[in-house]
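Structure record follows, encoded as structure tokens.
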2 protein chains.
Amino acid sequence: MKKKELIEKLNNYGLKATHQRIAVLDTLLKTKTHPSAEELYKIIVKQYPTISLATVYKTLDSFKEVGLVKIIKTDCDYLRYDAIISNHFHLYNPAQNKLEDYYDNDLKNMIENYFKNKKIDNFELKEINLQLIGDFK
Amino acid sequence: MKKKELIEKLNNYGLKATHQRIAVLDTLLKTKTHPSAEELYKIIVKQYPTISLATVYKTLDSFKEVGLVKIIKTDCDYLRYDAIISNHFHLYNPAQNKLEDYYDNDLKNMIENYFKNKKIDNFELKEINLQLIGDFK
DNA sequence: TTAGTTGCAAACAGTTTGCAACGAC
DNA sequence: GTCGTTGCAAACTGTTTGCAACTAA
């Protein structure tokens with residue numbers, strides 16, 4: 001994504017387009033591993049040596065607040081971030097600590113249809129959070 | 001569950017039946033809210049004033065190692081524990097931080113059948129981790 | 001110009017660890 | 001008696017915060 005587009009995206013979400021935010025958003029969009037704040041920081045600091053880890057945290061928190069990213073929790077002991085593109089699931093392997101996106105509209109539709117017919121007592125479903133645990137081959 | 005049964009259960013899983021472990025297992029089985037280590041500690045310490053928080057952590061970790069409990073991660077910033085009884089899903093509300101078991105064999109079978117026919121490329125599915133996010137009424 | 005953002009260092013929360021005393025087997 | 005477990009305090013890790021300096025709009 002070009003710098004101009006990144007700025008536009010930030011503005012669309014009501015955020016000032018600072019260098020730091022542009023760098024974080026750019027890096028997060030480019031990184032497919034669902035990185036932690038620290039991982040993002042280590043990548044960004046190479047191009048942008050004055051950025052601080054706290055800023056990465058604050059930036060990710062702002063992004064989360066406006067809905068630009070989601071937090072993913074896995075078995076590992078830090079938060080991972082997911083730049084939101086569309087509704088999807090995750091594949092995860094605890095031993096490798098590897099997390100991948102999994103797009104499957106059939107599965108998504110199947111589950112959504114299931115809950116159109118079947119209502120859960122005393123619960124109004126808003127969102128489905130599905131992690132598929134297994135081994136990458 | 002009676003004390004005798006608790007001891008038996010611990011032994012079956014290869015664990016020495018100490019007072020502390022009996023208390024933690026007993027409390028965890030009785031508590032339906034999927035408590036954190038600290039919550040369990042606060043309950044147990046009333047009956048057993050000398051137990052320490054570190055012991056609760058160590059105990060829960062032993063339980064996890066042998067497969068007596070599972071860790072559940074939600075939006076909240078501590079770990080919650082689930083005494084394993086059978087395969088089930090979870091309902092979760094982030095605002096209330098409320099987590100409930102959700103048993104639904106139809107849903108479970110539907111998803112399992114789906115993956116009998118549809119294989120994921122380069123991934124061998126072992127386990128399904130499903131959280132239903134929404135509002136309790 | 002100014003309200004919001006950054007960077008630093010210090011604080012924080014939940015969890016883990018080292019180790020001497022203890023207890024289950 | 002032995003070896004694993006406990007309890008304490010201290011350490012650790014990831015994350016958050018307070019605040020003065022800075023900067024995008």
Side-chain angles (χ1 to χ4, degrees), chain A residues 3-4 6-25 27-28 34-42 44-45 47-66 68-81 97 99, chain B residues 3-4 6-25 27 34-42 44-45 47-66 68-81 97:
Chain A
K3 191 169 175 182
K4 216 169 202 171
L6 293 166
I7 293 171
E8 214 172 296
K9 186 157 193 165
L10 289 167
N11 289 333
N12 287 343
Y13 280 84
L15 296 175
K16 275 192 190 173
T18 64
H19 296 142
Q20 292 87 338
R21 283 176 179 169
I22 294 166
V24 172
L25 183 57
T27 308
L28 188 59
H34 299 301
S36 64
E38 188 122 19
E39 285 171 314
L40 282 171
Y41 169 73
K42 281 182 185 163
I44 296 165
V45 83
Q47 307 285 338
Y48 195 139
T50 60
I51 201 173
S52 84
L53 179 57
T55 299
V56 174
Y57 273 106
K58 284 175 186 167
T59 302
L60 289 168
D61 193 59
S62 313
F63 287 4
K64 185 192 68 185
E65 288 306 315
V66 300
L68 253 174
V69 306
K70 261 193 189 170
I71 287 173
I72 317 171
K73 296 208 177 180
T74 66
D75 255 13
C76 73
D77 52 4
Y78 49 79
L79 304 177
R80 305 172 77 141
Y81 294 85
N97 196 19
L99 183 66
Chain B
K3 192 169 174 182
K4 217 170 202 173
L6 293 167
I7 292 171
E8 216 172 296
K9 185 157 194 165
L10 288 168
N11 290 334
N12 287 343
Y13 280 84
L15 296 175
K16 275 190 189 174
T18 64
H19 295 143
Q20 293 87 340
R21 284 177 178 168
I22 294 166
V24 172
L25 182 58
T27 308
H34 298 300
S36 64
E38 188 120 21
E39 284 171 315
L40 282 170
Y41 169 73
K42 281 182 186 163
I44 296 166
V45 84
Q47 307 286 338
Y48 195 141
T50 60
I51 200 172
S52 84
L53 179 57
T55 298
V56 175
Y57 274 106
K58 285 174 185 169
T59 301
L60 289 167
D61 193 58
S62 313
F63 287 3
K64 185 192 68 184
E65 288 307 314
V66 299
L68 254 173
V69 306
K70 261 194 188 168
I71 287 174
I72 316 171
K73 295 208 176 180
T74 65
D75 255 13
C76 72
D77 52 6
Y78 49 81
L79 304 177
R80 305 173 77 141
Y81 294 85
N97 197 19

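Below, chains carry the letters A, B, ... as their sequence lines are ordered, and counting in each starts from 1.
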Q) A:Leu53 side chain: which of D:dT15, C:dA9, D:dG7 is closest? A) D:dT15
Q.
Looking at A:Asn11 and A:Ile7, would you say the former's side chain and the latter's main chain have a donor-acceptor pair under 3.5 Å?
A. yes
Q) Roughly how far, to the nearest 0.5 Å, is the CG atom of A:Leu28 from the OG1 atom of A:Thr59? A) 11.0 Å
Q: Calculate the interatomic distance between B:Leu79 atom CG and C:dA13 atom C1'; express it in whole Å.
A: 12 Å
(Q) What is the distance, to the nearest angstrom, from the NZ atom on A:Lys58 to the C1' atom on D:dC22? (A) 13 Å
Q) Roughly how many Å is it from CD in A:Glu38 to P in D:dT15, rounded to a whole number? A) 8 Å
Q) Can you check the A:Lys16 NZ to D:dT23 P distance for me, whole Å? A) 12 Å
Q) To the nearest 0.5 Å, how far apart are NE2 in A:His19 and NZ in A:Lys3? A) 5.0 Å
**Q.** Residue closer to the 5' end of DNA chain C, A:Ser52 versus B:Ala17 (nearest nucleotide)
**A.** A:Ser52
Q: Consider the side chain of A:His19, meaning its heavy atoms from C-beta on, and name the nucleotide among D:dA24, D:dT17, D:dT15 that approaches it most closely.
A: D:dA24
Q.
Rounding to an integer number of Å, can you tell me how far B:Glu65 CD sits from C:dT15 C1'?
A. 15 Å
**Q.** Pair A:Asp61 + A:Lys58: basic N to acidic O under 4.0 Å
**A.** no
Q: Please tell me which of the listed nucleotides, C:dC25, C:dT6, D:dT15, lies nearest to the side chain of A:Thr59?
A: C:dT6
Q: Look at the side chain of B:Thr55 and decide which nucleotide, out of C:dG4, D:dT6, C:dT15, has an atom nearest to it.
A: D:dT6
Q: Answer yes or no: is there a donor N or O on one side and an acceptor on the other, between the side chain of B:Lys73 and the main chain of A:Ile72, under 3.5 Å?
A: no
Q.
Any base atoms under 4.0 Å from B:Thr50, or only sugar-phosphate, or nothing? Heavy atoms, all strands.
A. sugar-phosphate
Q. Rounded to whole angstroms, how far apart are CZ on A:Arg80 and P on D:dG14?
A. 13 Å
Q: Measure from NZ on B:Lys42 to P on C:dG14 and round the result to the nearest Å.
A: 9 Å
Q) NA contact type, A:Asp61, heavy-atom cut-off 4.0 Å: base, sugar-phosphate, or nothing? A) nothing
Q) How would you label the contact of A:Tyr57 with the nucleic acid (heavy atoms, under 4.0 Å): base, sugar-phosphate, or nothing? A) base
**Q.** B:Gln20, nearest nucleotide to its side chain (from D:dT6, D:dG18, C:dT15)
**A.** D:dT6
**Q.** Gap between atoms CG and P, on A:Leu15 and D:dA25 respectively (whole Å)
**A.** 11 Å
